Amino acid sequence: MSRRVVRQSKFRHVFGQPVKADQMYEDIRVSKVTCDSSFCAVNPKFVAIIVESGGGGAFIVLPLAKTGRVDKNHPLVTGHTAPVLDIDWCPHNDNVIASASEDTTVMVWQIPDYVPVRNITEPVVTLEGHSKRVSIISWHPTARNVLLSAGCDNLVILWNVGTGEMLLALDDMHTDLIYNVGWNRNGSLLVTTCKDKKVRVIDPRKQQIIAERFAPHEGLRPVRAIFTREGHIFTTGFTRMSQRELGLWDPNNFEEPIALQEMDTSNGVLLPFYDADSSIVYLCGKGDSSIRYFEITDEAPYVHYLNTYSSKEPQRGMGFMPKRGLDVSKCEIARFFKLHERKCEPIVMTVPRKSDLFQDDLYPDTPGPEPALEADEWLSGKDAEPILISLRDGYVPIKNRELKVVKKNILDSKPPPGPRRHSTCDSDFSQQPALEEVLEEIRALKETVQAQEKRISDLENKLGQFTNGTD
């Protein structure tokens with residue numbers, strides 16, 4: 001009698017656990033916009049969630065430690081004139097977040113370390129280039145200040161956020177609505193999925209499609225695609241009978257899948273979250289109440305089912321913490337932020353280990369916050385792997401770094417319009433010093449207000465620590 005050999009894997013016993021009720025974020029009105037975005041973005045400092053808001057679009061940013069009931073007057077980030085559809089934290093600056101909106105613009109925001117008293121309404125830079133709503137944004141993994149946006153105008157634009165300028169526009173590649181866009185590990189290639197049923201691998205700098213596959217999944221529902229660490233492409237989609245399906249492909253031989261597996265008959269689009277360090281992909285369906293996870297290896301059947309985390313309530317969206325934001329002392333290998341209708345619930349994925357020592361095999365060096373390239377170096381054709389950091393002593397977030405935007409002064413290049421009239425010029429010169437004094441005074445007042453806001457925030461934190469200590 002032959003015994004079935006169980007495949008060895010250190011991730012076979014990964015299990016998910018929701019946090020205690022007092023560690024959730026309660027009373028958040030999560031956006032009801034119909035869009036396949038994840039509605040939530042997290043990093044080692046903050047959790048950001050797209051919320052309902054009257055007259056325009058908004059999202060809320062909470063420091064990770066500010067759990068519990070969220071004050072209904074908590075400041076929002078408001079600047080868009082229509083609903084926000086996607087948000088993404090900059091991987092190289094934990095205080096910078098980008099937002100894409102139905103109002104056709106992309107905005108980049110600097111979030112202070114203290115909790116501001118009023119709404120944040122002034123973006124650092126507004127990027128205008130799309131003619132229809134913008135539903136996808138994604139930062140470049142290794143180059144500083146490079147941001148990608150994709151809109152319902154079938155256009156993909158790459159921006160240099162540091163100058164506020166458009167670097168590249170990929171405008172003739174997609175014949176229909178773009179469903180998702182993903183970078184490879186060093187940011188040299190893109191993978192996109194589209195309503196025309198094609199998955200494309202694109203070299204953005206050469207503006208060329210270097211591989212494409214028609215209908216990797218036969219169903220009509222949206223397909224998602226991401227790069228794996230090895231350069232393969234992992235896809236999720238639907239069969240002709242509307243069963244959900246996952247696939248693994250080699251872009252050098254796109255005709256035959258490396259692996260193709262049917263899953264279930266649910267109709268929610270599967271959002272894949274991939275951890276390159278462990279080669280685990282987590283699949284979260286919108287409207288599902290479960291997270292399935294699989295390990296991708298180089299031995300058949302290549303995509304190995306590990307387990308399913310199940311809960312009672314369906315998810316409206318999901319945030320995925322970067323590796324450097326995890327608690328290595330608890331053998332935590334992933335943390336999700338699950339959105340309900342009125343709250344956000346962190347879910348912790350751990351690998352049970354008896355030892356309290358640092359587990360080298362679970363935590364290889366992982367991409368840190370330092371960019372490997374500048375935007376112009378990347379544009380000129382350079383590629384670089386992410387700069388890695390060790391998590392042995394846990395990751396300590398860097399202090400707030402200012403995002404500086406260098407805009408060219410349009411007055412330098414254009415002559416003043418119309419003939420010059422001496423009288424007005426003379427009066428302008430006489431008013432110049434007074435104007436400068438007013439501006440100086442406004443600047444000083446702004447600094448005072450910011451200092452007071454920071455002081456209030458610090459005192460609130462101290463009070464919180466004091467009250468927690470006395471509980």
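Values in this document were obtained by computation on a predicted structure and should not be read as measured data. Both backbone and side-chain heavy atoms feed into the values below; hydrogens, waters and symmetry mates do not.
- Other residues, nucleotides and ligands contribute over 12 non-hydrogen atoms within 6.0 Å of the CD atom of Glu299.
- Using a 4.5 Å heavy-atom cutoff, the side chains of Tyr363 and Asp277 are not in contact.
- Checking Asp264 against Ser266 by side-chain atom types alone, no donor-acceptor pair falls below 3.5 Å.
- Nearest heavy atoms, Ile87 versus Ala48: CD1-O, 3.5 Å.
- Residues Asp27 and Arg342 have side chains in contact (heavy-atom distance under 4.5 Å, counting atoms from C-beta outward).
- Using a cut-off of 4.0 Å between Lys/Arg side-chain N and Asp/Glu carboxylate O, Arg205 and Asp383 are scored as salt-bridged.
- Nearest heavy-atom pair, Ile258 versus Trp249, reported as atom, atom and distance to 0.1 Å: CD1-C, 3.8 Å.
- Side-chain atoms of Thr142 and Asn186 form no donor-acceptor pair, as typed in the model, at a separation below 3.5 Å.
- For the residue pair Ser99/His80, the side-chain donor-acceptor check at 3.5 Å is satisfied.
- Asp361 contributes atom CG, which lies 11.0 Å from atom OG of Ser278 (distance to the nearest 0.5 angstrom).
- A distance of 8.0 Å separates CD1 in Ile296 from CD in Glu230, rounded to the nearest 0.5 Å.
- One N or O on the side chain of Asn119 and one on the backbone of Leu76 form a donor-acceptor pair closer than 3.5 Å.
- No side-chain heavy atom of Gln359 sits less than 4.5 Å from a side-chain heavy atom of Val351.
- Checked options Gln315, Arg316, Glu313, Glu26; the residue passing with His340 is Glu313 (criterion: side chain to side chain donor-acceptor pair (under 3.5 Å)).
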Given the rule in the side chain to side chain contact (heavy atoms under 4.5 Å, CB included) test, do Cys331 and Leu362 qualify, once you have shown the distances and angles that lead to the verdict? CA-CA 8 Å; Cys331 294; Leu362 295 184; 4.1 Å; yes
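- At a threshold of 4.0 Å, the pair Asp113-Lys45 counts as salt-bridged, since one of the basic side-chain nitrogens sits closer than that to a carboxylate oxygen.
- Atoms CZ and CD1, on Arg29 and Ile49 in that order, are 13.5 Å from each other to the nearest 0.5 Å.
- Counting only heavy atoms from C-beta outward, the side chains of Pro272 and Leu283 approach each other to under 4.5 Å.
- Within 6.0 Å of CZ in Arg455 there are 12 or fewer heavy atoms belonging to other residues, nucleotides or ligands.
- Within a 6.0 Å sphere centred on CD of Gln23, heavy atoms belonging to other residues, nucleotides or ligands number more than 12.
- Trp183 and Gly187 get closest at one heavy-atom pair: CZ3-O, 3.6 Å.
- Counting only distance, with no hydrogens or angles, the side chain of Glu245 and the backbone of His217 share no donor-acceptor pair below 3.5 Å.
- Taking every heavy atom of both residues into account, Ala372 and Ala384 meet most closely at CB-CB, 3.7 Å.
- Counting heavy atoms from C-beta outward, Ser311 and Tyr309 have side chains that approach closer than 4.5 Å.
- Taking each heavy atom of Pro216 and Val223 in turn, the nearest pair found is CG-CG1, 4.5 Å.
- Contact between Thr126 and Met107 at its shortest, heavy atoms only, is OG1-CG, 3.9 Å.
- By the neighbour-count criterion of 12 heavy atoms within 6.0 Å, atom CG of Asp356 is sparsely surrounded, having that number or fewer from other residues, nucleotides or ligands.
- For the pair Ser101 (side chain) and Pro83 (backbone), a donor-acceptor distance under 3.5 Å is present.
- Side-chain contact between Asn307 and Val14: absent, with no pair of heavy atoms (C-beta onward) separated by less than 4.5 Å.
- Screening Phe294, Phe273, Tyr293 against Tyr282 for a ring pair (Phe, Tyr, Trp, His ring centres under 6.0 Å) leaves a single residue, Tyr293.
- Counting heavy atoms from C-beta on, the side chains of Phe337 and Met321 come closer than 4.5 Å.
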Tell me, with the steps shown, if Thr192 and His174 meet side chain to side chain contact (heavy atoms under 4.5 Å, CB included). CA-CA 9 Å; Thr192 67; His174 299 90; 2.8 Å; yes
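- You'll find the side chain of Val61 stays beyond 4.5 Å of the side chain of Trp109, heavy atoms only.
- Other residues, nucleotides and ligands contribute only 12 or fewer heavy atoms inside 6.0 Å of the NZ atom of Lys382.
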